[in-house]
Each structure stands twice: as structure tokens, then as C-alpha cells.
**Student:** 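Here you go, one structure.
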Amino acid sequence: MNAIANQLRDHPLFRDLPPRALKQLAANAVRIEYAKGGIIVRENDPGEALYVVLSGRCQATVDRPDGTRQVHDVYGPGDTFGERPLLSRDGHAATVRVITDCIVLRIPASDLSPVLDRYREFEKELTRRVYGQVRLLRAGQPAAKLGRVAVLGNLSPRVRGSEIAHNLAAAVRQEAGCSVLTVEMVGEPGGPALSDWRNLPLCTLDELRAAADVRKATSGLWDLRLHARDTAAEADCVAPVLSHLALYARIVIVHADASVPEGVVEQLLVQADLSYMLLGQRDADRRRAEALTRRLTQHPAHEIVHPLPVLCLDEGERATAAESLAARLGMPVHAVIPGLPRAESEAHDFYRRHPGERFSAHIRHLAREIGRCRLGLALSSGGAKSLAHIGVIQVLEEQGIDVDVVAGTSMGGLIGALWAYGIDGRGMETLARAQGGARGLWRLIDPVFPPRRGFIGGMRAPEIVREAIGEAHFYDMQKQLRVVATDLDTLERVVFDSGEVAPVVHASMAMPGIVVPVRLNGRTLVDGGVAEPIPVNVLMEMGVERILAVNTIPNPAELKQCLLLRGEEPAVPPRRGTGRAFSRYLNYFGRGNILDIWSKSMLGAESRVAEIACRQADVVLRPVLCDGRWHDFGRPDKYIAVGRHAAEQQIEDIRRLVK
């Protein structure tokens, strides 16, 4: 028998066929190499062949009407696809795309049909496979069994990448509840090499442990050490080795030490599902990152390869170079990992021993990204009514529900910024009370005369932020933060993820016609509520898997209900004397006056946009009061209480969301 017939003989699907049948199938079968990003078959293509994956990985996806893409299955070494269209004579139900360079054996249907007719057991086995796939799809369970590969390419010998990788593995194991294989790849000889694994036969995890240096550190955590030679052939082994390792654990975390040859590091970042570049703030790290980024842009799959820069700090170091680094690389710094304490004797196990430390919090957020279980919180605009966000946050903290990403608009942006920095719900309540009281509103406004571009300068908002967090930048946050503003000239949504936080919050809260627009980064900016009153879409575009939205903007139905309730209450006699005259003729903030009309008119557009956005969230809280007003900052307790009530009413929904 030829080489292809021998490969078929070793495959579970074909092993019971006689040599004659194997030769018949192998006669016109061809081995085809596909690069990452390639398409093997498209949805609705006729079933003209059976495909056997020899190395690499590919996935079957279906494009939904809403523009999203659903993954039906993932295929790795030894898997087959194309059975269903062959048997049913229908077209392919999904498009099969290559996610790492792979080699596929294509067996034409014309050679397969006579074998199916003659060997009924073979036909039954093929049919059983199809029925199994259909059952899983009907149950809403993808049949994918291959793991997800995350690569940490260490670009600096000073970065403690090995310790970061092992802490990340422990966090993924805890947060995602799945098996994790950590691969330590070095440039110095020691243990198996990449090329030694290229032709390793499929085996069980026990056989794998016997074949190589694989250690079980704790339950569900495995360690493997490999070394990479400085040859082109070694780099060619990356894709088959990664696809092979993905068979043994749900998550594979590969740390490529700074000593690993550049060609191998480049291939690791290209072939991974998630690629991270670990680097420090030194010039040498930046230069290496720039060179690697340039090489990756020349790769054939560069349009779908997105290596994410992760800035790793020393103990006590601030991320001072993050923004300049982002400008040089042409992409934002994806995450910042604070320094591990140098005195820690068991740094590899720091996350499990010190889960409450700042380093562990950042590792946990990155682990949830790898494990596809991030929780994002979207906080709406709404002026003083958005003080309800504080009550929601307090309940989340009391229930031990950790949020990975906070996105806020207008007042939601201010509260989100304070929380992302590290000020807890009780601390924010104290700050809100300090601005409250009978003269709360007047302490917050800075009138502008003449009111040509707005009645209020709005400078008190950035002052409050700076008093609380200083001149902190986005990269100083303990949680990932996004703040939304609107470009007044183009009406485009502007999402901020870098720079100093206080000026961004100022821009996000500049209500048009009330607060003077803010000039920032060459743009004239106004309230984010004009473009996106609740930033659910911001979280979706970041790929956040679970979204909790808090909407303090009343919709028309809620406003109608409030009018009905108000009609059932006893009428409040109108105020008399000078107080009534001042409220009616001189107080621009009084009911029915110009600013009140202005803000209510904005609600008309905002409420509809917010309702559409909320349909995309997994859980929506609506802490809305009938007598809530946008400038009622003098009574924070009232809004915080309604936020707490809304969160407590739906706490079971929130718990189910994070499980």
C-alpha cells in the first residue's frame, strides 16, 4: 500500500476496511496544504469529497442573519468532515475555515461511493457520525472538542514570563473550570524539541506523559517543557505541534521565552487562537516589538493575526510608556500586568496564594479572556439618575461578582472610571454624599456668561475625578475601562481607552446646549449619550462574552406609567411668593424651563437607542424613578437605593450569568 493508504489504515474510521478498499480510496486522494485563514469548503457547496484532517485545525462556521458567526465544530488531527452532504446529497451546512496551517486529505466522492455500497458497516459508521453531530447541534452544543491555544511571546529577558504563564494557567483553571496545559518553550536544549513532536502519533494523555516531559502540577493543570532550534524547519513544526497539543487540554498556554528564535516566536503568534506579546517599558523591548509587528504585517494571514501587546511592569513601576508604545506599534496596549513581588519565594503559585493582590486581579481578567468567560458592565447616561449605578455596584461587590470590563457613558463614565480605578461602592457613596445636600446642584455647576455655547462650563466633573484618582491614565486602572463621547462635528461615537481619565470624563458628560463642548485630541466633543447612551455595543466589539447593562434612561412606557401614578397621587399645591417666581422665571433648572425641556427632548432619542442596545445584553437592570431628574444631585441616597433594589431583584439572573 502507498503512504496515503497506510494513513487511512491507521485511522479509526477506515481501519476495518480491507487493503483493497483502502487502495481504492487512496487512488485519487490528495494531500492539500492550507494556510491560516484559508477556506476549504463554503456553506452550500455540493458534497464532492470526504476530508480527513492530518495536521492543524479548522472550524465549521455559519453566518447568522444578525451578522455574527456561529462556530458549529472544530476539527483537528484525525477528525473528518463532509460526511453529511455526501450521504444526504445536500450542500455543506457550514463554511470550513483554517485556524492554523493544516494538511487535509481529500477523498473524492466518486471513489467513496462504491466503498459505501459494498461495505455496509463502513456506511453505518459514517451515518452514526452524522446523527451524532445533528443531535449536538439540535441541543445547542457544538461538537468541538479541541482546546484553545494562547501564546505568550516574551520579548524581554527581564519580563518574568514563566511566572506569569503559570499564574495565568491557575487562574484559567479556577475561572473557566477546565483542564489547562502549560507549555514552557525555551531556546536552550533540554527536553523534547518541536521537531520531535511533529510526527508523534495520536495518543492518550497517559501515553503523552510517558512520551515526553509532562508533569501534573495540580488537579487539571499540566506542564510540558519544549525547546526550539534556530532553523526554518523548526518553525514549520509549530502549527502541527499546536494542533496536537490542543487534543489534550481545553486550554493550552504556551510561553515562548525570550531565548526562543524569532522565526519560531513569529509562527507561534500567527498560529495561536490568542496571541500576546509580553514586553517591558525599555527601549530594547519596544524595538523588538516594532520589528516583530512589521514582520507579522507581511505574513499572508496578517489580516486575521492580531498579536496583543501586554505591558509587564516591575514591582512598584507605573505604566508611563504605555501610550507612546501604543503609538509606535500602531495598536493600543491590550493589558497591563503589575509587577510580582521580588521577595515572593513561590512566585509561580502567587495567584492561588494571594488572590486579592493587584497582580492577581489583572491575571484573573486576562484568564477570563482566554477562558471566554469575561463579564462586562455597561453603565448608561442619565445625569443624577445614574447615581443608581453606585447601588448596583455595591450589590455586585457584596455578592462577590467580579467585573472584567467597565464601559460608561456620561455619568456612567464617571462612576465607571472611579470603580475601575479601585474606589469601591461605599467609597463612591461617600463621594456622592459630599456633593449632595440642599445646595448640591449649585456646588456642581460653574455658570458661563454669556451662555453662548452652554450654560455650564462643566469643569467640576474633572475636578471630582482628579480629587479621587489624581491624574490617573486608563492604563492605571484595575479593571479595563472604556468611556464614550460624541464628536460634535461628525456625530460619531468616540470610545476612549487611553490617555488621562479626567478630561475624557469631562467630554463624556458635556450635555449639548447645557455644558460647553470639550476640545480634546483635536476634536470637539459632547455627551456620549448623543451617539451611544448605554455602551453595550462597545463591550460586544471587545468580544466580551457576558454583558450586564444598567439603564437609568426611562423609556416611553415607563414615562406613561409615571404619569398615571402621578395622576393618582394627591395634587401638591403650587409654591407661592418669591420662591415660585424664582423657580418659574429665573431658575433655568426649574420644571418646565429651558434646560428641563432640553434634557427631556434628548431623552426621546436616547431612550430608543438605549432600548435597542439593551436587547444585546444578557441581563438588563432598570433602576428608574418616576420623579428622577437629571440634575437632582442633592439626594444621592434616593438613587443609590433604587439601584440596590434593582440589582437585588435580579440577583439570581446575575448569578446565573457568571456561572
Side-chain angles (χ1 to χ4, degrees), residues 36 53-59 73-79 98-104 144-154 161-162 164-166 168-170 172-173 176 178-187 190-229 233-257 260-261 263-276 305 367 370-372:
K36 180 168 182 169
V53 181
L54 302 180
S55 75
R57 292 178 298 154
C58 43
Q59 64 182 13
D73 212 338
V74 179
Y75 309 116
D79 287 336
V98 178
I99 53 178
T100 64
D101 292 355
C102 68
I103 302 173
V104 174
K145 61 182 181 299
L146 289 177
R148 195 180 199 201
V149 179
V151 168
L152 313 179
N154 193 343
S162 178
I164 289 172
H166 281 82
L168 193 56
V172 171
R173 171 63 179 161
C178 58
S179 59
V180 183
L181 172 63
T182 308
V183 181
E184 185 71 34
M185 193 170 295
V186 297
L194 267 172
S195 50
D196 297 335
W197 278 63
R198 183 168 192 171
N199 298 315
L200 192 68
L202 300 180
C203 55
T204 66
L205 186 55
D206 289 335
E207 293 169 334
L208 179 66
R209 293 205 309 270
D213 182 20
V214 181
R215 303 183 309 277
K216 185 177 182 181
T218 55
S219 178
L221 289 171
W222 303 86
D223 280 332
L224 170 66
R225 182 181 175 88
L226 295 174
H227 81 265
R229 304 182 182 98
E234 201 81 352
D236 292 340
C237 297
V238 166
V241 169
L242 291 185
S243 64
H244 193 108
L245 293 174
L247 295 168
Y248 301 107
R250 179 58 63 182
I251 301 292
V252 179
I253 297 175
V254 181
H255 169 240
D257 187 75
V260 173
V264 174
V265 173
E266 181 180 334
Q267 274 301 306
L268 284 168
L269 294 175
V270 166
Q271 302 299 337
D273 298 303
L274 279 172
S275 305
Y276 301 99
V305 175
I370 294 172
R372 290 193 177 111

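Numbering of residues begins at 1 and proceeds along the displayed sequence.
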**Student:** Report yes if some heavy atom in the side chain of V252 is under 4.5 Å from a heavy atom in the side chain of L242; otherwise report no.
**Tutor:** no

**Student:** For the atom pair CG (L194) and CG (D236), what is the distance rounded to the nearest 0.5 Å?
**Tutor:** 10.5 Å

**Student:** Between OG1 of T100 and NZ of K36, what distance do you get to the nearest 0.5 Å?
**Tutor:**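 If we round to the nearest 0.5 Å, T100:OG1 and K36:NZ are 7.5 Å apart.
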
**Student:** Could you grab the distance from atom CD1 of I99 to atom CZ of R148, nearest 0.5 Å is fine?
**Tutor:**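 Nearest 0.5 Å value for the CD1-CZ distance: 10.0 Å.
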
**Student:** Kindly give the heavy-atom pair with the smallest separation between Q267 and D101, and that separation in Å.
**Tutor:**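 Looks like OE1-OD2, 4.2 Å.
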
**Student:** Are there over 12 heavy-atom neighbours, none belonging to R229, within less than 6.0 Å of that residue's CZ?
**Tutor:** yes

**Student:** My understanding is that only one of H255, R225, H227 makes a side-chain hydrogen bond (donor to acceptor under 3.5 Å, both in side chains) with E184; could you say which?
**Tutor:**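 Testing E184 for a side-chain hydrogen bond (donor to acceptor under 3.5 Å, both in side chains) against H255, R225, H227 leaves exactly one candidate, H255.
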
**Student:** From L268 CG over to L152 CG, what is the distance, rounded to the nearest 0.5 angstrom?
**Tutor:** 10.5 Å

**Student:** Can you tell me which residue among I251, I253, T182 is in a side chain to side chain contact (heavy atoms under 4.5 Å, CB included) with L168?
**Tutor:** I253

**Student:** V53: which residues meet the side-chain contact (heavy atoms from CB on, under 4.5 Å) condition with it, sequence neighbours left out?
**Tutor:**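 With sequence neighbours excluded, V53 shows a side-chain contact (heavy atoms from CB on, under 4.5 Å) to C58, Y75, F81, given in chain and number order.
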
**Student:** List the atom of V305, the atom of L269, and the distance in Å for their closest heavy-atom pair.
**Tutor:** CG1-O, 4.1 Å

**Student:** Partners of V98 by side-chain contact (heavy atoms from CB on, under 4.5 Å), sequence neighbours excluded?
**Tutor:** Y34, I40, C102

**Student:** For D273, what residues pass the salt bridge (Lys or Arg N to Asp or Glu O under 4.0 Å) criterion, not counting sequence neighbours?
**Tutor:**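 Salt bridge (Lys or Arg N to Asp or Glu O under 4.0 Å) list for D273, sorted by chain: R57.
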
**Student:** Hey, does P261 have a side-chain heavy atom less than 4.5 Å from the side chain of E234?
**Tutor:**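 No, their side chains stay 4.5 Å or more apart.
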
**Student:** For the residue pair A193 and L226, what are the closest heavy atoms and their distance?
**Tutor:** O-CD2, 4.5 Å

**Student:** Which heavy atom in V151 sits nearest to a heavy atom in A272, and how many Å separate them?
**Tutor:**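 Taking V151 first and A272 second, the nearest heavy atoms are CG2-CB, 3.4 Å.
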
**Student:** Mind checking the OG-CZ spacing from S179 to R250? Nearest 0.5 Å is all I need.
**Tutor:**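 Here the interatomic distance stands at 7.5 Å.
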
**Student:** Taking it one step at a time, do L245 and V149 satisfy side-chain contact (heavy atoms from CB on, under 4.5 Å)?
**Tutor:** CA-CA 9 Å; L245 293 174; V149 179; over 6 Å; no

**Student:** Any sub-3.5 Å donor-acceptor pair from S55's side-chain atoms to P240's backbone N or O?
**Tutor:** no

